[in-house]
Amino acid sequence: MTSARGIFSDGPLEKRGGLVARADDILRKNDMGSWTKAAPELYPHQWSWDSAFIAIGLAHLDVRRAALELSTLFAHQWKTGKVPHIVFNPEAPPESYYPGAEHWACAASSPDAPPAPPYTSCLTQPPVHAIAVWRIWEAAGRAGEASLSSTRDFLHGIYPRLFAWHRYLATFRDPEGSGLVTIYHPWGSGTDNSPRWDGALGAVEVGELPPYPRYDLQHVEGSDQRPTDTDYDRYLWLVKLIKGAGCDERTIYCYHPFLVKDVLSSAILVAANDALLEIAEVVKAPDGDRELITGWIQRGRRGLDQRWDADLGLCLDYDLRAGSPLRVRTIAGFAPLIAGRQSTERLAALLGVLDSPAYAGHPGLRWPLPPSTSPEETKFDPRSYWRGPTWPVVNWLLWWSLVRAGETQRAVNLRRASLEQIASEGFGEYFEPFTGEPLGSLRQSWTAAVTLDWIASGPLQEPLRDEARSRSKEARGR
Ligand code: 2M8
């Protein structure tokens, strides 16, 4: 990988303590050559949506390496088009992550699975990939003609795979044609223990499970930062059922007890389909592809419209088994903002909620950044994973969406606050919203990646606060 220095040397953050160099260092240390570990110890494998965000950051350091990150992930795509949520690292230390490759080896027996090893899971994560590919293309444009030419080849190679991935989501994951993506497991949402899923999970009757290890707890400072044992029992029970169904989508759809329309994944898919249309243009894809993609975008927008809750001013997930919306205020409610191109009224409603005390306007926040679950919810927990902490990667999605919506000042404010948080507290996976304490993994790859992208995205209006504390924290880092 080429050095980050030079590329960013004009940025105010670079001058104030080498944030770029520190982000670069995290990505280098988590780099496995052709892919990047999500975190050094807690997550020693390749995760699907992590890789997309990582590629967005890497594009500012090395366009080829960014492209390789996604090519490696898509080399493990299933015949159905599914991109697995984890590609397991055969070199990961034993007893580092559970459930690991041996637990998911069943997926390899599916006729649709790619040859193993490496093994993959048979779940998915939100489809950020086409957005990442488009940003790699944009970065190549800034890097010059040679980079553009090799990246054009990359686009030609990855386009059919992206298309198959989106077609999989539009068909296997939406047999109803609702425009919304169905998930079979909270891990499929990327927001694992969010209260979004409490209602649907509560209805799942967990049967006999053999004892299992919680390796995750050895890699964080307190068990309160991770899902509870009750959550894990449910996760592993759902995995057992999915394995019992032979990872077969149709069987899962018929019998699985957890079947939910995920508005965040659905909105990301709409935005990713916008990006796929741009890519289709570059590679001169057949008109038929473009018609299909346009249809998926329209259907996605309609689906999200139907999940709009006017009282809350947010979108709600939908429990297919119970036949009812899952009514809780989380970050996923901003799905229409992420999907983009909303009416003026809808955008105003969303921004009003985003700025309100229910989210980024809460008076107790260390930085004005939206907590993953609204502090006004009874289920809010400021330390527990997706139940309250702020997540840089979510802030990146919101920032990117605000830019697309033309909300420039809000976008700048969000970017500045996010960078202040990271400059002050380090490259945490997530942060306690009131104290700012970094939680989870303290050297999280996607946090480093979005930092690079933010810094590369133009000047900030105000200087950052002191970074000294964050360096001492990172020195202690995991
Ligand atoms: C978290 O999820 C994994 C399971 O997939 C875990 O907790 O073990 C989530 O935050 C997920 O969104 C993320 O992709 C993954 C790796 O960073 O960690």
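Quick note: residue numbers are just sequence positions, from 1. Atoms within a ligand are numbered from 1 in the order they appear, just like the ligands themselves. Model, not experiment: these values are computed from the prediction.
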His129 vs Ser48, test: side chain to side chain donor-acceptor pair (under 3.5 Å). Steps then yes/no. CA-CA 8 Å; His129 315 87; Ser48 167; 2.9 Å; yes
Minimum-distance protein heavy atom relative to atom 16 (C) of ligand 1: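 Result for atom 16 (C) of ligand 1: Asp50 OD2, 3.3 Å.
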May I ask you to identify the nearest protein heavy atom to atom 12 (O) of ligand 1, giving residue, atom name and distance to one decimal place in Å?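 Nearest protein contact, heavy atoms only, for atom 12 (O) of ligand 1 is Gly190 O, 2.6 Å.
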Looking at every non-hydrogen atom in both residues, tell me the closest pair between Pro118 and Phe88 and how far apart they are.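 That closest heavy-atom pairing would be CB-O, 3.2 Å.
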If you measure from the Lys or Arg side-chain nitrogens to the Asp or Glu carboxylate oxygens, is any gap between Asp248 and Arg250 under 4.0 Å?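 Looking at Asp248 and Arg250, the cut-off is not met.
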Less than 4.0 Å between a side-chain N and a carboxylate O, is that true for Glu432 and Arg366?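 Not counted as a salt bridge, because no side-chain N and carboxylate O are separated by less than 4.0 Å.
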Proximity flag Asp192 to ligand 1, non-hydrogen atoms under 4.0 Å: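 Yes; Asp192 lies near enough to ligand 1 that a heavy-atom distance drops under 4.0 Å.
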Please work out, at 4.0 Å between heavy atoms, whether the side chain, the backbone, both, or neither of Trp391 comes within that distance of ligand 1.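 It is the side chain that gets close, since no backbone atom is under 4.0 Å.
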Nearest heavy atom to atom 4 (C) of ligand 1: which of Tyr43, Tyr235, Tyr97 does it belong to?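 Selected option, by shortest heavy-atom distance: Tyr97.
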Heavy atoms only: which of Trp187, Tyr385, Trp47 lies closest to atom 15 (C) of ligand 1?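 The nearest heavy atom belongs to Trp47.
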Consider every N or O of Glu429 and every N or O of ligand 1, then say whether any pair is closer than 3.5 Å.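 Glu429 vs ligand 1: no N/O contact under 3.5 Å.
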Can you check whether Trp187's main-chain N or O pairs, donor with acceptor, with His85's side chain at less than 3.5 Å?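 The answer is no, because no donor-acceptor pair under 3.5 Å joins these two groups.
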Residues Glu249, Tyr184; criterion side chain to side chain donor-acceptor pair (under 3.5 Å); working and verdict: CA-CA 10 Å; Glu249 311 273 350; Tyr184 312 144; 2.5 Å; yes
Need the ligand 1 atom indices (1-based, order shown) with element for anything under 4.0 Å from a heavy-atom of Trp386.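 The atoms of ligand 1 under 4.0 Å from a heavy atom of Trp386 are 9 (C), 10 (O).
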Enumerate the atoms of ligand 1 whose separation from the nearest heavy atom of Trp446 is less than 4.0 angstrom.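 Within the 4.0 Å cut-off of Trp446, ligand 1 contributes 12 (O), 13 (C), 14 (O).
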